[in-house]
Number of protein chains: 2
Amino acid sequence: MGGMREPLRELVNCGLPQALEVMGERWAFMILRASFNGLHHFEEFLSELGIARNILSNRLAKLVEHGILKRDSCADDRRKVEYRLTEKGFDLLPSMLALRQWGQKYSVECVENPVLVDERDRLPIGPVSILAHDGRILGPHDLWLSAREQVGIRTDGSHAEPTETVGRGDVVDLISKKAAAI
Amino acid sequence: MGGMREPLRELVNCGLPQALEVMGERWAFMILRASFNGLHHFEEFLSELGIARNILSNRLAKLVEHGILKRDSCADDRRKVEYRLTEKGFDLLPSMLALRQWGQKYSVECVENPVLVDERDRLPIGPVSILAHDGRILGPHDLWLSAREQVGIRTDGSHAEPTETVGRGDVVDLISKKAAAI
DNA sequence: GCAACTGGTTTCGAATCGAAACTTTAGAGG
DNA sequence: CCTCTAAAGTTTCGATTCGAAACCAGTTGC
(Lines give C-alpha, C1' and ligand atoms only; values in the text may rest on other atoms or scores of the structure.)
Protein backbone atom coordinates (compact mmCIF):
# COMPACT_ATOMS: atom_id res chain seq x y z
CA MET A 1 0.00 0.00 0.00
CA GLY A 2 1.43 3.33 -0.96
CA GLY A 3 4.10 4.37 1.44
CA MET A 4 3.93 8.11 1.72
CA ARG A 5 4.56 8.29 5.42
CA GLU A 6 3.48 11.95 5.38
CA PRO A 7 2.35 13.67 8.51
CA LEU A 8 1.58 10.95 11.00
CA ARG A 9 1.83 13.48 13.75
CA GLU A 10 -1.62 12.49 14.85
CA LEU A 11 0.26 9.69 16.50
CA VAL A 12 0.03 11.81 19.56
CA ASN A 13 -3.72 11.58 19.39
CA CYS A 14 -4.10 7.99 20.52
CA GLY A 15 -4.52 6.21 23.79
CA LEU A 16 -0.88 6.12 24.77
CA PRO A 17 -0.40 9.73 25.84
CA GLN A 18 -3.70 9.52 27.67
CA ALA A 19 -2.49 6.50 29.58
CA LEU A 20 0.89 8.02 30.27
CA GLU A 21 -0.62 11.17 31.67
CA VAL A 22 -1.39 9.22 34.83
CA MET A 23 0.62 6.06 34.65
CA GLY A 24 3.71 7.66 33.19
CA GLU A 25 4.51 9.40 36.43
CA ARG A 26 7.10 8.06 38.77
CA TRP A 27 5.71 5.58 41.30
CA ALA A 28 2.31 5.24 39.64
CA PHE A 29 2.87 1.63 38.59
CA MET A 30 4.50 0.70 41.86
CA ILE A 31 1.53 2.03 43.79
CA LEU A 32 -0.77 0.18 41.44
CA ARG A 33 1.14 -3.00 42.04
CA ALA A 34 0.96 -2.56 45.77
CA SER A 35 -2.79 -2.13 45.35
CA PHE A 36 -3.00 -5.35 43.39
CA ASN A 37 -1.15 -6.96 46.24
CA GLY A 38 -3.77 -5.97 48.75
CA LEU A 39 -2.41 -2.82 50.29
CA HIS A 40 -5.09 -0.27 51.06
CA HIS A 41 -3.70 2.28 53.49
CA PHE A 42 -1.45 5.27 53.25
CA GLU A 43 1.07 4.07 55.80
CA GLU A 44 1.19 0.66 54.18
CA PHE A 45 2.14 2.12 50.83
CA LEU A 46 4.57 4.40 52.58
CA SER A 47 6.52 1.66 54.29
CA GLU A 48 6.20 -0.88 51.49
CA LEU A 49 7.49 1.25 48.66
CA GLY A 50 10.26 3.61 49.66
CA ILE A 51 8.34 6.65 48.49
CA ALA A 52 8.36 10.08 50.11
CA ARG A 53 5.31 11.08 52.11
CA ASN A 54 4.31 14.11 50.08
CA ILE A 55 4.84 12.35 46.78
CA LEU A 56 2.72 9.41 47.86
CA SER A 57 -0.01 11.80 48.92
CA ASN A 58 0.22 13.52 45.57
CA ARG A 59 0.21 10.29 43.54
CA LEU A 60 -2.69 8.73 45.45
CA ALA A 61 -4.70 11.89 44.90
CA LYS A 62 -3.96 11.78 41.20
CA LEU A 63 -4.83 8.10 40.92
CA VAL A 64 -8.11 8.79 42.69
CA GLU A 65 -8.74 11.81 40.52
CA HIS A 66 -8.30 9.66 37.43
CA GLY A 67 -10.61 6.98 38.76
CA ILE A 68 -7.98 4.29 39.13
CA LEU A 69 -8.31 4.11 42.89
CA LYS A 70 -11.25 5.11 45.03
CA ARG A 71 -10.81 6.66 48.43
CA ASP A 72 -13.07 5.82 51.35
CA SER A 73 -12.85 6.54 55.02
CA CYS A 74 -13.08 3.40 57.11
CA ALA A 75 -16.37 3.26 58.95
CA ASP A 76 -14.97 1.69 62.09
CA ASP A 77 -11.93 3.92 62.48
CA ARG A 78 -12.35 7.26 60.82
CA ARG A 79 -8.69 8.05 61.07
CA LYS A 80 -8.10 5.42 58.46
CA VAL A 81 -8.65 5.80 54.76
CA GLU A 82 -8.99 2.96 52.31
CA TYR A 83 -7.62 3.13 48.80
CA ARG A 84 -9.08 0.46 46.54
CA LEU A 85 -8.79 -0.35 42.88
CA THR A 86 -11.71 0.53 40.67
CA GLU A 87 -12.71 -1.36 37.56
CA LYS A 88 -10.57 1.06 35.62
CA GLY A 89 -7.69 0.29 37.91
CA PHE A 90 -8.12 -3.45 37.50
CA ASP A 91 -8.03 -2.97 33.77
CA LEU A 92 -4.40 -1.97 34.12
CA LEU A 93 -3.44 -5.47 35.18
CA PRO A 94 -2.39 -6.59 31.69
CA SER A 95 -0.24 -3.49 31.27
CA MET A 96 1.35 -4.01 34.62
CA LEU A 97 2.02 -7.69 34.07
CA ALA A 98 3.36 -7.16 30.58
CA LEU A 99 5.81 -4.64 31.93
CA ARG A 100 6.73 -6.90 34.82
CA GLN A 101 7.28 -9.89 32.59
CA TRP A 102 9.45 -7.86 30.29
CA GLY A 103 11.53 -6.62 33.20
CA GLN A 104 11.85 -10.15 34.46
CA LYS A 105 12.85 -11.56 31.13
CA TYR A 106 15.71 -9.14 30.77
CA SER A 107 17.08 -8.97 34.27
CA VAL A 108 19.66 -11.43 35.47
CA GLU A 109 18.69 -11.86 39.06
CA CYS A 110 14.96 -12.06 39.39
CA VAL A 111 13.84 -15.50 40.37
CA GLU A 112 10.21 -14.57 40.88
CA ASN A 113 9.02 -16.22 44.00
CA PRO A 114 6.16 -16.51 44.60
CA VAL A 115 5.08 -17.23 41.06
CA LEU A 116 1.90 -15.93 39.50
CA VAL A 117 -0.10 -19.00 38.51
CA ASP A 118 -3.40 -19.92 36.99
CA GLU A 119 -5.74 -20.49 39.89
CA ARG A 120 -7.24 -23.51 38.15
CA ASP A 121 -4.24 -25.72 37.61
CA ARG A 122 -1.64 -23.80 39.58
CA LEU A 123 0.66 -23.62 36.62
CA PRO A 124 2.55 -20.42 35.86
CA ILE A 125 0.78 -18.01 33.58
CA GLY A 126 2.07 -17.46 30.08
CA PRO A 127 3.27 -14.20 28.65
CA VAL A 128 0.81 -11.36 28.25
CA SER A 129 -0.02 -11.45 24.55
CA ILE A 130 -1.47 -9.58 21.65
CA LEU A 131 -4.45 -11.56 20.40
CA ALA A 132 -6.36 -11.61 17.15
CA HIS A 133 -10.12 -11.31 17.37
CA ASP A 134 -10.29 -15.11 17.24
CA GLY A 135 -7.70 -15.66 19.92
CA ARG A 136 -4.63 -16.44 17.89
CA ILE A 137 -1.49 -14.97 19.42
CA LEU A 138 -0.03 -12.26 17.23
CA GLY A 139 3.59 -11.21 16.93
CA PRO A 140 4.86 -7.87 15.67
CA HIS A 141 4.93 -9.13 12.07
CA ASP A 142 1.28 -10.12 12.19
CA LEU A 143 0.15 -6.55 12.67
CA TRP A 144 -1.09 -4.12 10.11
CA LEU A 145 -2.54 -0.66 10.22
CA SER A 146 -5.76 -0.26 8.35
CA ALA A 147 -7.85 2.80 7.65
CA ARG A 148 -10.93 2.66 9.80
CA GLU A 149 -13.36 2.19 6.93
CA GLN A 150 -11.29 -0.56 5.34
CA VAL A 151 -11.21 -2.84 8.35
CA GLY A 152 -11.73 -6.42 7.23
CA ILE A 153 -10.83 -5.66 3.62
CA ARG A 154 -7.65 -6.98 2.07
CA THR A 155 -6.71 -4.27 -0.35
CA ASP A 156 -3.69 -5.97 -1.87
CA GLY A 157 -4.33 -6.33 -5.55
CA SER A 158 -0.95 -6.03 -7.17
CA HIS A 159 1.36 -8.03 -4.97
CA ALA A 160 1.02 -9.57 -1.58
CA GLU A 161 2.30 -7.27 1.12
CA PRO A 162 2.32 -9.92 3.79
CA THR A 163 5.31 -11.53 2.18
CA GLU A 164 7.04 -8.21 2.46
CA THR A 165 6.72 -8.62 6.14
CA VAL A 166 9.96 -10.45 6.56
CA GLY A 167 12.26 -9.83 9.43
CA ARG A 168 11.34 -7.82 12.41
CA GLY A 169 12.86 -4.58 11.23
CA ASP A 170 10.37 -4.37 8.43
CA VAL A 171 7.35 -4.49 10.59
CA VAL A 172 7.74 -1.00 11.73
CA ASP A 173 8.00 0.30 8.22
CA LEU A 174 4.98 -1.64 7.12
CA ILE A 175 3.08 -0.13 9.94
CA SER A 176 4.28 3.33 9.21
CA LYS A 177 3.52 3.06 5.54
CA LYS A 178 -0.05 2.33 6.36
CA ALA A 179 -0.05 5.09 8.90
CA ALA A 180 0.01 7.60 6.09
CA ALA A 181 -3.68 6.85 5.78
CA ILE A 182 -4.40 8.97 8.81
CA MET B 1 -1.82 -20.71 52.89
CA GLY B 2 -2.16 -18.86 56.11
CA GLY B 3 -2.49 -15.19 55.43
CA MET B 4 0.28 -13.65 57.43
CA ARG B 5 1.11 -10.96 54.92
CA GLU B 6 4.38 -10.34 56.76
CA PRO B 7 7.23 -8.63 55.04
CA LEU B 8 6.43 -8.73 51.35
CA ARG B 9 8.87 -5.92 50.89
CA GLU B 10 10.63 -8.12 48.43
CA LEU B 11 7.92 -6.89 46.16
CA VAL B 12 10.49 -4.43 45.04
CA ASN B 13 12.65 -7.28 43.90
CA CYS B 14 10.64 -8.25 40.86
CA GLY B 15 10.63 -7.28 37.24
CA LEU B 16 8.52 -4.16 37.56
CA PRO B 17 11.08 -1.80 39.05
CA GLN B 18 13.61 -3.11 36.56
CA ALA B 19 11.26 -2.30 33.73
CA LEU B 20 10.37 1.09 35.14
CA GLU B 21 13.98 2.09 35.52
CA VAL B 22 14.06 2.66 31.77
CA MET B 23 10.48 2.75 30.63
CA GLY B 24 9.18 4.66 33.62
CA GLU B 25 10.87 7.84 32.46
CA ARG B 26 8.98 10.55 30.69
CA TRP B 27 8.90 10.10 26.92
CA ALA B 28 10.35 6.59 26.94
CA PHE B 29 7.14 4.97 25.74
CA MET B 30 6.41 7.70 23.25
CA ILE B 31 9.84 7.26 21.70
CA LEU B 32 9.30 3.53 21.66
CA ARG B 33 6.02 4.01 19.88
CA ALA B 34 7.59 6.27 17.31
CA SER B 35 10.17 3.55 16.78
CA PHE B 36 7.46 0.98 16.24
CA ASN B 37 6.02 3.36 13.70
CA GLY B 38 9.15 3.39 11.64
CA LEU B 39 10.98 6.49 12.78
CA HIS B 40 14.73 6.04 12.96
CA HIS B 41 16.38 9.44 13.10
CA PHE B 42 16.95 12.02 15.77
CA GLU B 43 15.30 14.86 13.88
CA GLU B 44 12.32 12.66 13.06
CA PHE B 45 11.69 11.90 16.72
CA LEU B 46 12.27 15.53 17.50
CA SER B 47 9.61 16.88 15.16
CA GLU B 48 7.18 14.00 15.63
CA LEU B 49 6.97 14.05 19.40
CA GLY B 50 7.14 17.53 20.88
CA ILE B 51 10.14 16.64 23.02
CA ALA B 52 13.03 18.94 23.86
CA ARG B 53 16.32 18.37 22.07
CA ASN B 54 18.45 17.63 25.10
CA ILE B 55 15.86 15.36 26.65
CA LEU B 56 15.50 13.38 23.45
CA SER B 57 19.26 13.00 23.29
CA ASN B 58 19.31 11.83 26.86
CA ARG B 59 16.42 9.36 26.42
CA LEU B 60 17.77 7.85 23.22
CA ALA B 61 21.12 7.33 24.92
CA LYS B 62 19.43 5.61 27.82
CA LEU B 63 17.32 3.41 25.57
CA VAL B 64 20.46 2.42 23.68
CA GLU B 65 22.32 1.84 26.92
CA HIS B 66 19.59 -0.52 28.05
CA GLY B 67 19.60 -2.39 24.76
CA ILE B 68 16.13 -1.35 23.68
CA LEU B 69 17.36 0.58 20.68
CA LYS B 70 20.59 0.17 18.80
CA ARG B 71 22.46 3.10 17.34
CA ASP B 72 24.20 2.91 13.99
CA SER B 73 25.70 5.52 11.73
CA CYS B 74 24.24 5.36 8.26
CA ALA B 75 26.79 4.02 5.80
CA ASP B 76 25.78 6.29 2.95
CA ASP B 77 25.59 9.51 4.92
CA ARG B 78 27.67 9.44 8.01
CA ARG B 79 26.04 12.53 9.42
CA LYS B 80 22.95 10.46 9.95
CA VAL B 81 22.41 8.04 12.77
CA GLU B 82 19.87 5.25 12.80
CA TYR B 83 18.05 4.19 15.90
CA ARG B 84 16.41 0.78 15.55
CA LEU B 85 14.53 -1.48 17.86
CA THR B 86 16.35 -4.50 19.15
CA GLU B 87 14.70 -7.80 20.04
CA LYS B 88 14.45 -6.50 23.58
CA GLY B 89 12.74 -3.40 22.27
CA PHE B 90 10.28 -5.39 20.22
CA ASP B 91 9.41 -7.36 23.30
CA LEU B 92 7.91 -4.20 24.73
CA LEU B 93 5.15 -4.23 22.15
CA PRO B 94 2.61 -6.00 24.39
CA SER B 95 3.29 -3.54 27.21
CA MET B 96 2.93 -0.63 24.88
CA LEU B 97 -0.25 -1.89 23.30
CA ALA B 98 -1.80 -2.83 26.62
CA LEU B 99 -1.17 0.68 27.86
CA ARG B 100 -2.47 2.18 24.65
CA GLN B 101 -5.63 0.08 24.68
CA TRP B 102 -6.28 1.03 28.27
CA GLY B 103 -5.87 4.69 27.49
CA GLN B 104 -8.18 4.34 24.53
CA LYS B 105 -10.84 2.50 26.48
CA TYR B 106 -11.05 5.24 29.06
CA SER B 107 -10.75 8.36 26.98
CA VAL B 108 -13.76 9.93 25.40
CA GLU B 109 -12.36 11.21 22.17
CA CYS B 110 -9.99 8.71 20.65
CA VAL B 111 -11.44 7.18 17.54
CA GLU B 112 -8.29 5.29 16.60
CA ASN B 113 -7.72 5.70 12.93
CA PRO B 114 -5.91 3.90 11.44
CA VAL B 115 -6.82 0.76 13.33
CA LEU B 116 -4.32 -1.91 14.30
CA VAL B 117 -5.50 -5.09 12.60
CA ASP B 118 -4.51 -8.69 12.20
CA GLU B 119 -2.53 -8.81 8.99
CA ARG B 120 -4.22 -12.07 8.03
CA ASP B 121 -7.87 -11.14 8.03
CA ARG B 122 -7.57 -7.39 8.49
CA LEU B 123 -9.84 -7.47 11.50
CA PRO B 124 -9.02 -5.35 14.55
CA ILE B 125 -6.88 -7.04 17.13
CA GLY B 126 -8.38 -8.00 20.44
CA PRO B 127 -7.29 -6.74 23.83
CA VAL B 128 -3.83 -7.64 25.06
CA SER B 129 -4.50 -10.45 27.51
CA ILE B 130 -3.12 -12.48 30.34
CA LEU B 131 -2.98 -16.09 29.20
CA ALA B 132 -2.79 -19.40 31.01
CA HIS B 133 -0.09 -21.80 29.86
CA ASP B 134 -2.69 -23.46 27.65
CA GLY B 135 -3.92 -20.24 26.12
CA ARG B 136 -7.07 -19.60 28.11
CA ILE B 137 -7.58 -15.91 28.78
CA LEU B 138 -7.28 -15.14 32.48
CA GLY B 139 -8.93 -12.37 34.41
CA PRO B 140 -7.78 -10.93 37.72
CA HIS B 141 -9.78 -13.52 39.66
CA ASP B 142 -8.12 -16.40 37.89
CA LEU B 143 -4.72 -15.55 39.31
CA TRP B 144 -2.99 -17.00 42.31
CA LEU B 145 0.41 -16.63 43.85
CA SER B 146 2.18 -19.86 44.49
CA ALA B 147 5.47 -20.57 46.19
CA ARG B 148 8.00 -21.51 43.57
CA GLU B 149 8.36 -25.12 44.70
CA GLN B 150 4.60 -25.65 44.86
CA VAL B 151 3.85 -24.67 41.30
CA GLY B 152 1.32 -27.09 39.84
CA ILE B 153 0.19 -28.30 43.25
CA ARG B 154 -3.23 -27.52 44.58
CA THR B 155 -2.69 -27.21 48.28
CA ASP B 156 -6.31 -26.74 49.27
CA GLY B 157 -7.30 -29.57 51.55
CA SER B 158 -9.93 -28.10 53.81
CA HIS B 159 -12.08 -25.97 51.59
CA ALA B 160 -11.86 -24.74 48.06
CA GLU B 161 -10.23 -21.35 47.86
CA PRO B 162 -11.40 -20.66 44.34
CA THR B 163 -14.90 -20.06 45.59
CA GLU B 164 -13.47 -17.47 47.91
CA THR B 165 -12.46 -15.60 44.86
CA VAL B 166 -15.68 -13.74 44.53
CA GLY B 167 -15.82 -10.12 43.52
CA ARG B 168 -12.87 -8.28 42.23
CA GLY B 169 -11.88 -6.66 45.48
CA ASP B 170 -11.01 -10.02 46.91
CA VAL B 171 -8.50 -10.90 44.30
CA VAL B 172 -5.91 -8.62 45.63
CA ASP B 173 -6.24 -10.00 49.11
CA LEU B 174 -6.01 -13.54 47.88
CA ILE B 175 -2.88 -12.62 46.08
CA SER B 176 -1.40 -10.85 49.03
CA LYS B 177 -2.19 -13.68 51.39
CA LYS B 178 -0.22 -16.00 49.25
CA ALA B 179 2.50 -13.41 48.96
CA ALA B 180 3.43 -14.08 52.55
CA ALA B 181 5.14 -17.15 51.19
CA ILE B 182 8.02 -15.03 49.98
C1' DG C 1 -7.61 15.41 79.03
C1' DC C 2 -3.73 13.42 76.86
C1' DA C 3 -0.71 10.46 74.26
C1' DA C 4 -0.48 7.97 70.10
C1' DC C 5 -1.93 6.92 65.42
C1' DT C 6 -3.30 8.04 60.66
C1' DG C 7 -3.09 10.77 56.88
C1' DG C 8 -1.89 14.36 55.42
C1' DT C 9 0.55 19.59 54.36
C1' DT C 10 4.77 22.78 54.42
C1' DT C 11 9.35 23.89 53.65
C1' DC C 12 13.42 23.91 51.35
C1' DG C 13 17.56 22.00 48.96
C1' DA C 14 18.64 18.73 45.06
C1' DA C 15 17.65 16.74 40.76
C1' DT C 16 15.15 16.89 36.36
C1' DC C 17 12.84 19.16 32.46
C1' DG C 18 12.57 22.18 28.65
C1' DA C 19 13.54 26.13 25.39
C1' DA C 20 17.04 28.32 23.07
C1' DA C 21 21.62 29.06 21.72
C1' DC C 22 25.92 26.97 20.58
C1' DT C 23 29.15 23.05 18.72
C1' DT C 24 30.66 19.39 15.80
C1' DT C 25 31.07 16.39 12.03
C1' DA C 26 29.88 15.34 7.36
C1' DG C 27 28.24 15.98 2.74
C1' DA C 28 27.15 19.41 -1.46
C1' DG C 29 28.19 22.96 -4.59
C1' DG C 30 31.15 25.95 -6.69
C1' DC D 1 39.84 24.24 -1.27
C1' DC D 2 36.17 27.07 0.77
C1' DT D 3 31.78 27.94 2.05
C1' DC D 4 26.93 26.51 3.04
C1' DT D 5 23.86 23.59 5.11
C1' DA D 6 22.05 19.37 7.46
C1' DA D 7 22.15 16.05 11.37
C1' DA D 8 22.97 15.14 15.88
C1' DG D 9 24.26 16.50 19.78
C1' DT D 10 25.96 19.65 23.94
C1' DT D 11 25.52 23.87 27.06
C1' DT D 12 23.17 27.09 29.61
C1' DC D 13 19.83 28.62 32.50
C1' DG D 14 15.14 29.34 34.39
C1' DA D 15 11.02 26.59 35.78
C1' DT D 16 9.21 22.42 37.57
C1' DT D 17 9.31 18.27 40.24
C1' DC D 18 11.29 15.17 43.81
C1' DG D 19 12.38 13.94 48.34
C1' DA D 20 13.59 14.23 53.39
C1' DA D 21 12.20 16.17 57.45
C1' DA D 22 9.34 18.89 60.19
C1' DC D 23 4.91 20.31 61.20
C1' DC D 24 -0.38 19.92 61.52
C1' DA D 25 -5.07 18.04 62.26
C1' DG D 26 -8.69 14.91 63.20
C1' DT D 27 -9.56 10.20 65.90
C1' DT D 28 -9.23 6.91 69.16
C1' DG D 29 -7.94 4.54 73.44
C1' DC D 30 -7.01 5.08 78.03
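Because the structure is a prediction, the values reported are computed rather than measured.
- Around atom NZ of A:Lys80, no more than 12 heavy atoms belonging to other residues, nucleotides or ligands sit under 6.0 Å away.
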_Protein proximity profile, nucleotides 5-17 of chain D - base contact B, sugar-phosphate-only contact S, no contact -, cut-off 4.0 Å on heavy atoms_ = -BSBBBBB-----
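- Residue pairs satisfying the salt bridge (Lys or Arg N to Asp or Glu O under 4.0 Å) criterion with at least one member in residues 61-76 of chain B, sequence neighbours excluded, are listed as follows: B:Glu25-B:Lys62.
- Put simply, the side chain of B:Thr86 gets close to the backbone of B:Ile68: a donor and an acceptor are under 3.5 Å apart.
- With hydrogens and angles disregarded, no donor-acceptor distance shorter than 3.5 Å links the side chain of B:His40 to the backbone of B:Ser35.
- For B:Asn58 and C:dA15, the CG to P distance is 15 Å, given to the nearest whole Å.
- Between the CD1 atom of A:Ile55 and the P atom of C:dT10 there is a distance of 14 Å, rounded to whole Å.
- As a whole-Å value, the separation of A:Glu48 CD from C:dG7 P is 14 Å.
- The shortest distance between the side-chain N/O atoms of A:Trp27 and the OP1/OP2 oxygens of D:dG19 is below 4.0 Å.
- Position along DNA chain D of the nearest nucleotide to A:Ala52 versus A:Arg78 favours A:Ala52 as the more 5'-ward residue.
- Atom-to-atom, CZ of A:Phe45 to P of D:dG19 comes out at 17 Å; the value is rounded to the nearest Å.
- Taking CG of A:Leu92 as the start and CG of A:Leu32 as the end, the distance is 5.5 Å to the nearest 0.5 Å.
- Under the rule for a salt bridge (Lys or Arg N to Asp or Glu O under 4.0 Å), the partners of B:Arg79 that lie at least two apart in sequence or sit in another chain are B:Asp77.
- The nearest whole Å value for the distance from the CG atom in B:Asp76 to the P atom in C:dG27 is 9 Å.
- A:Ile51 has its CD1 atom 14 Å from the C1' atom of C:dG7, to the nearest Å.
- For B:Met30 and C:dC17, the CE to P distance is 16 Å, given to the nearest whole Å.
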